[in-house]
Amino acid sequence: MIAADSQKTKAPKSKRIARVLEKRAPKLVENAKKTLILQGTKTSSVLNAVLTEIYHLKRSSSIRYTRKNDSIRPFENGGETSLEFFSHKTDCSMIVFGSHSKKRPNNLVLGRTYDHHIYDLVEVGVENFKPMDSFSYDKKLAPKVGSKPFITFIGEGFESVEELKHFKEVLLDLFREEVAENLNLAGLDRVFVCAALSSDRVLFSHCAVRLKKSGTVIPRMELVEVGPSMDLVIRRHRLPNEGVKKAAMKTSLEKPKKKMKNVKGDMIDGRVGRVYIPDQQVGEMTLSNNAKGLKRERRESKKNREGQGQGQEPKKQKKDDGQ
């Protein structure tokens with residue numbers, strides 16, 4: 001699947017296009033993932049609301065298509081071509097696709113791509129959906145746009161059941177946003193709660209975090225449900241191919257750089273190093289006779305001699321007594 005047979009790549013015509021293609025190419029250290037949200041030929045009001053809520057939760061890193069697509073069937077052979085085309089067009093590595101039918105009502109497909117080809121898929125059914133508007137709470141607790149969310153998974157099934165383990169990985173990639181090493185406690189104002197009710201059913205809810213006094217340095221945390229809330233029933237899932245998985249999980253083979261001797265760090269000077277320089281034997285160095293300094297000395301001595309010669313009076317000749 002990783003081979004680009006359906007989409008033949010051509011050589012870039014300019015350096016600008018080459019830079020764009022290099023930016024979109026797979027990387028050892030991934031950048032923030034964008035999500036493509038689109039729908040099939042037929043949808044329901046519940047499914048449209050679910051897609052809208054997911055778009056609002058990921059507004060900063062998502063693209064929403066509202067036009068109906070009749071040629072997208074992710075789990076069928078050849079039905080993922082349109083998804084791969086839209087993924088390549090929008091440079092999105094996460095896909096949320098909604099469709100509705102009598103056999104699979106309120107159907108939601110979550111997928112990931114590698115090199116703009118389908119990597120894996122999870123199909124779930126939406127039940128007991130409650131939008132954000134149905135919850136009453138203090139509007140001051142509304143999560144801020146761009147804030148970093150918590151994601152918690154409750155239940156042993158996320159560690160033992162294969163379907164739930166796979167679903168957990170997809171949900172983490174979908175909602176984790178950019179990876180941050182250091183966080184401010186005041187900026188953590190929301191949490192996604194995923195509870196495994198059974199081996200194929202997960203309760204998904206979105207809550208705001210309220211910090212209260214606890215008498216200690218660490219505040220007491222309370223959760224206020226702000227929506228959306230829904231039950232996600234796992235219907236089908238497709239794991240990645242072993243070859244594609246190996247390529248996607250590839251890490252750098254470069255060995256860590258060897259620590260240099262005689263190098264240390266300083267808070268003021270930064271990186272400081274010591275260099276060995278052997279003693280120089282100045283007395284044994286050969287100097288050129290054509291040095292500029294020697295020429296200047298010769299010119300100055302010549303001028304001094306000429307000045308002394310002009311300052312002396314000429315000697316008088318003696319007269320001959322015989323004449």
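One-based numbering along the sequence shown. As a basis for the values below, the full set of heavy atoms in this structure was taken, side chains included, without hydrogen atoms, waters or symmetry mates.
- The closest side-chain heavy-atom distance from Val224 to Asp138 is not below 4.5 Å.
- With respect to Glu159 and Lys168, a salt bridge is recorded, a charged nitrogen being found less than 4.0 Å from a carboxylate O.
- The shortest heavy-atom contact between Cys92 and Thr113 is O-OG1, 3.6 Å.
- At least one side-chain heavy atom of Arg305 sits less than 4.5 Å from a side-chain heavy atom of Lys302.
- A donor-acceptor pair is defined here as one N or O able to donate and one able to accept, closer than 3.5 Å; no such pair exists between the side chain of Asn69 and the backbone of Thr41.
- With sequence neighbours left out, Lys103 forms a salt bridge (charged side-chain N to carboxylate O under 4.0 Å, His left out) with no residue at all.
- Contact annotation: the side chain of Leu188 approaches that of Lys148 to within less than 4.5 Å [non-hydrogen atoms, C-beta and beyond].
- Arg64 approaches Asn48 most closely through the heavy-atom pair NH2-O, 4.5 Å.
- A side-chain donor-acceptor contact under 3.5 Å links Gln39 to the backbone of Thr66.
- For the atom pair CG (Asp91) and CD1 (Ile63), the distance works out to 8.5 Å, reported to the nearest 0.5 Å.
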- Task: Test Ile54 against Thr35 for side chain to side chain contact (heavy atoms under 4.5 Å, CB included), laying out the working first.
- Result: CA-CA 10 Å; Ile54 295 176; Thr35 304; 5.6 Å; no

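- Side-chain contact between Leu108 and Leu51 is present, with at least one heavy-atom pair separated by less than 4.5 Å.
- To the nearest 0.5 Å, the span separating CG on Leu121 from NE2 on His237 amounts to 11.0 Å.
- Cluster annotation: Tyr55 and Tyr65 are assigned to distinct hydrophobic clusters (Ile/Leu/Val/Met/Phe/Trp/Tyr, side-chain heavy-atom contacts under 4.5 Å, transitive).
- Inter-residue side-chain proximity for Val226 and Arg190 is flagged as unmet; no heavy-atom pair is nearer than 4.5 Å.
- Under the 3.5 Å distance criterion, the side-chain polar atoms of Lys130 are left unmatched by any main-chain donor or acceptor of Phe135.
- Between Asp120 and Leu239 the shortest side-chain heavy-atom distance does not fall below 4.5 Å.
- Under a 3.5 Å cut-off, the side chain of Lys58 and the backbone N or O of Leu174 do form a donor-acceptor pair.
- At least one side-chain heavy atom of Glu84 sits less than 4.5 Å from a side-chain heavy atom of His117.
- In this structure, Phe175 and Phe192 approach most closely via the heavy-atom pair CD2-CZ, 3.8 Å.
- For Pro74 against Leu83, the heavy-atom pair with the smallest separation is CG-CD1, 3.8 Å.
- Residues Val170 and Leu38 do not share a hydrophobic cluster, clusters being chains of Ile/Leu/Val/Met/Phe/Trp/Tyr side chains in contact below 4.5 Å.
- Here the closest heavy-atom approach between residue Glu225 and residue Tyr137 is recorded as O-CD2, 4.2 Å.
- At most 12 non-hydrogen atoms from other residues, nucleotides or ligands lie less than 6.0 angstrom from CZ of Phe150.
- The closest donor-acceptor contact from the side chain of His100 to the backbone of Pro105 lies at 3.5 Å or more, if one exists at all.
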| task | Decide yes or no on side chain to side chain contact (heavy atoms under 4.5 Å, CB included) for His206 and Glu53, but give the supporting numbers first. | result | CA-CA 11 Å; His206 183 217; Glu53 298 284 341; over 6 Å; no

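- Remark: Leu47 CG to Phe97 CZ distance equals 9.0 Å, nearest 0.5 Å.
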Using side chain to side chain contact (heavy atoms under 4.5 Å, CB included), reason through Phe153 and Leu164 one step at a time and then give a plain yes or no.
CA-CA 10 Å; Phe153 294 90; Leu164 293 180; over 6 Å; no

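- Here the straight-line distance linking atom CG of Asp115 with atom OH of Tyr119 works out to 13.0 Å at 0.5 Å rounding.
- In summary, the side chains of Glu127 and Asn106 do not present any donor paired with an acceptor at a separation below 3.5 Å, with no hydrogens or angles considered.
- A salt bridge links Asp231 and Arg201; the closest N-O separation between the charged side-chain nitrogens and carboxylate oxygens is under 4.0 Å.
- Residues Asp200 and Glu163 have side chains not in contact (no heavy-atom distance under 4.5 Å, counting atoms from C-beta outward).
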message: For a side chain to side chain contact (heavy atoms under 4.5 Å, CB included) check, start with the C-alpha distance between Lys213 and Arg220, then their side-chain angles and the critical distance, and finish with the verdict.
response: CA-CA 6 Å; Lys213 295 181 179 179; Arg220 184 167 58 89; over 6 Å; no

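- Separation of atoms OG (Ser301) and CD (Glu306) is listed at 10.0 Å; rounding is to 0.5 Å.
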Q.
Evaluate Phe167 against Phe204 for ring pair (Phe, Tyr, Trp, His ring centres under 6.0 Å), listing each step before the verdict.
A. CA-CA 12 Å; Phe167 190 41; Phe204 176 86; 8.7 Å; no

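- Note on Ile234 and Ile154: separate hydrophobic clusters, where clusters join Ile, Leu, Val, Met, Phe, Trp and Tyr whose side-chain heavy atoms are under 4.5 Å apart, directly or indirectly.
- Glu80 contributes atom CD, which lies 11.0 Å from atom CD1 of Ile72 (distance to the nearest 0.5 angstrom).
- Linking Ile, Leu, Val, Met, Phe, Trp and Tyr whenever their side-chain heavy atoms come within less than 4.5 Å leaves Ile95 and Leu110 in two separate clusters.
- For the pair Gly98 and Thr43, the tightest heavy-atom approach, listed with the atom from each and the gap, is O-CG2, 3.9 Å.
- Hydrophobic clustering keeps Val109 apart from Val233 (ILVMFWY residues linked when any side-chain heavy atoms are closer than 4.5 Å, directly or through intermediates).
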